[in-house]
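To start, the structure itself, in structure tokens.
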There are 2 protein chains.
Amino acid sequence: MSKQELPVVDVSEGACCAPLAREPLNAAEADELAPLFKAIGDPVRLRLLSLIACHDGGEACVCDLTSAFELTAPTISHHLKVLKQAGLIDSERRGTWVYYWINPQVLQRLSAILGPRQATGLVPA
Amino acid sequence: MSKQELPVVDVSEGACCAPLAREPLNAAEADELAPLFKAIGDPVRLRLLSLIACHDGGEACVCDLTSAFELTAPTISHHLKVLKQAGLIDSERRGTWVYYWINPQVLQRLSAILGPRQATGLVPA
DNA sequence: GCTCTAATTTGACATATGTCTAAGCAGAGC
DNA sequence: GCTCTGCTTAGACATATGTCAAATTAGAGC
């Protein structure tokens with residue numbers, strides 16, 4: 001299955017761009033957004049995300065990531081899985097190695113949710 | 001041992017504005033930021049934050065908040081405490097009621113961390 | 001002082017989470 | 001086919017988390 005381009009949820013709807021502070025999130029929006037923040041609510045996963053995002057070519061091999069922590073490979077694998085299931089990153093196997101890259105749109109969306117204003121053009125004033 | 005040396009980092013330093021994707025977060029920065037994202041990584045707390053931010057006058061009484069959920073008062077109180085301890089909101093008692101308001105700077109900072117670019121003027125490039 | 005309401009704290013509980021070890025799977029190279 | 005390396009899965013375990021009921025604290029009004 002290709003999780004690569006699946007929107008997962010109707011992103012274009014309510015929780016897409018309107019910032020938190022503009023109108024109250026309803027339960028459904030919150031249920032959809034919270035897991036994303038939860039996924040980055042762990043120091044290891046935050047660093048993983050950052051490492052992947054900053055890595056040369058926009059993608060990183062698991063071996064690069066594992067060596068940056070004092071954690072076992074299964075633990076890193078677990079965190080990568082959490083990030084991937086949240087839709088924040090995606091991956092592909094190439095030969096022996098598995099590469100991960102971030103999904104910039106999701107990150108951008110979260111940024112917009114927290115941002116003070118700017119509905120990213122959805123609502124034209 | 002090499003994981004973290006300082007529990008709290010000076011916010012004005014690295015983790016202040018530079019987005020995730022610009023340079024890898026170090027362990028200390030991640031340890032400082034992750035709890036903030038974790039705090040909003042819960043649907044109830046996300047909605048609480050949004051409700052408070054959107055409320056008239058920029059602040060909301062606990063009674064207003066409690067009535068928006070099908071949860072007991074202690075549970076709401078717990079979530080508010082988590083948000084407050086994370087620094088996302090603040091509160092004050094006025095007579096019988098307790099009012100909460102958000103700390104916009106913290107929210108803005110998180111937004112900047114996730115944002116694609118814009119170091120908020122830190123590095124001119 | 002008494003009581004009423006608003007909110008928090010305490011304690012309990014089931015569930016979720018982060019980590020590890022051990023085992024399994026997938027290619028590469030012999 | 002065998003083995004080696006890279007990565008994931010499975011299972012176990014201690015700790016953290018979300019929720020509630022009961023008890024407690026804080027003011028307001030009588």
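Note on naming: letters A, B, ... go to the chains in the order of the sequence lines (proteins, then strands), and numbering restarts at 1 for each one. Hydrogens, waters and symmetry mates are skipped; everything else that's a heavy atom, side chains included, is used.
- Rounded to 10 degrees, the angle separating the terminal axes of the helix from C/dG1-D/dC30 to C/dC30-D/dG1 is 10°, with each axis obtained from five end pairs.
- For the pair B/L71 CG and D/dC20 C1', the interatomic distance rounds to 10 Å; values are reported in whole Å.
- Not one N or O on the side chain of B/R45 forms a donor-acceptor pair closer than 3.5 Å with the backbone of B/R47.
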Between B/I40 and A/L114, does a side-chain contact (heavy atoms from CB on, under 4.5 Å) hold up when you go through it step by step? CA-CA 10 Å; B/I40 57 177; A/L114 300 179; 3.9 Å; yes
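- In terms of phosphate contacts, A/T72 brings a side-chain nitrogen or oxygen within less than 4.0 Å of OP1 or OP2 of C/dC20.
- The interatomic distance linking A/E92 (CD) with C/dG27 (P) rounds to 12 Å, in whole Å.
- One distance of note links CD1 of B/I113 with OG of A/S111; it measures 10.0 Å at 0.5 Å rounding.
- The side chain to side chain contact (heavy atoms under 4.5 Å, CB included) test applied to B/H55 returns B/A60, B/D64, not counting sequence neighbours.
- Connection of B/V98 to B/L88 is established within a shared hydrophobic cluster, with ILVMFWY side chains joined at heavy-atom distances below 4.5 Å, either directly or through further cluster members.
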Could you go step by step and tell me if A/L46 and B/E29 meet the side-chain contact (heavy atoms from CB on, under 4.5 Å) rule? CA-CA 9 Å; A/L46 247 196; B/E29 293 165 340; over 6 Å; no
What's touching nucleotides 2-9 of chain C from the protein side, N or O pairs under 3.5 Å?
residue: C/dA7; atom: OP1; partner: B/C63; partner atom: N; Å: 3.4
residue: C/dA7; atom: OP2; partner: B/C63; partner atom: N; Å: 3.1
residue: C/dT8; atom: OP1; partner: B/Y100; partner atom: OH; Å: 2.6
residue: C/dT8; atom: OP2; partner: B/S77; partner atom: OG; Å: 2.7
residue: C/dT8; atom: O5'; partner: B/S77; partner atom: OG; Å: 3.0

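- Closest heavy-atom contact between A/Y100 and A/I52: O-CG2, 3.4 Å.
- Distances shorter than 4.0 Å separate some side-chain N or O of A/H79 from OP1 or OP2 on C/dT19.
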Determine whether B/L49 and B/I102 satisfy the following criterion, side-chain contact (heavy atoms from CB on, under 4.5 Å), listing intermediate values before the conclusion. CA-CA 7 Å; B/L49 204 61; B/I102 74 161; 4.2 Å; yes
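- Heavy-atom distances under 4.0 Å link DNA chain C to no residue of residues 36-48 of chain B.
- Residue B/Y99 belongs to a hydrophobic cluster whose other members are B/W97, with links defined by side-chain heavy atoms closer than 4.5 Å.
- Remark: B/E92 pairs with B/R94 by the salt bridge (Lys or Arg N to Asp or Glu O under 4.0 Å) rule, at least two apart or across chains.
- One interatomic measurement links the two molecules: CG of A/L83 to C1' of C/dG18, which rounds to 13 Å at whole-angstrom precision.
- A/D31 approaches B/P43 most closely through the heavy-atom pair OD1-CB, 3.2 Å.
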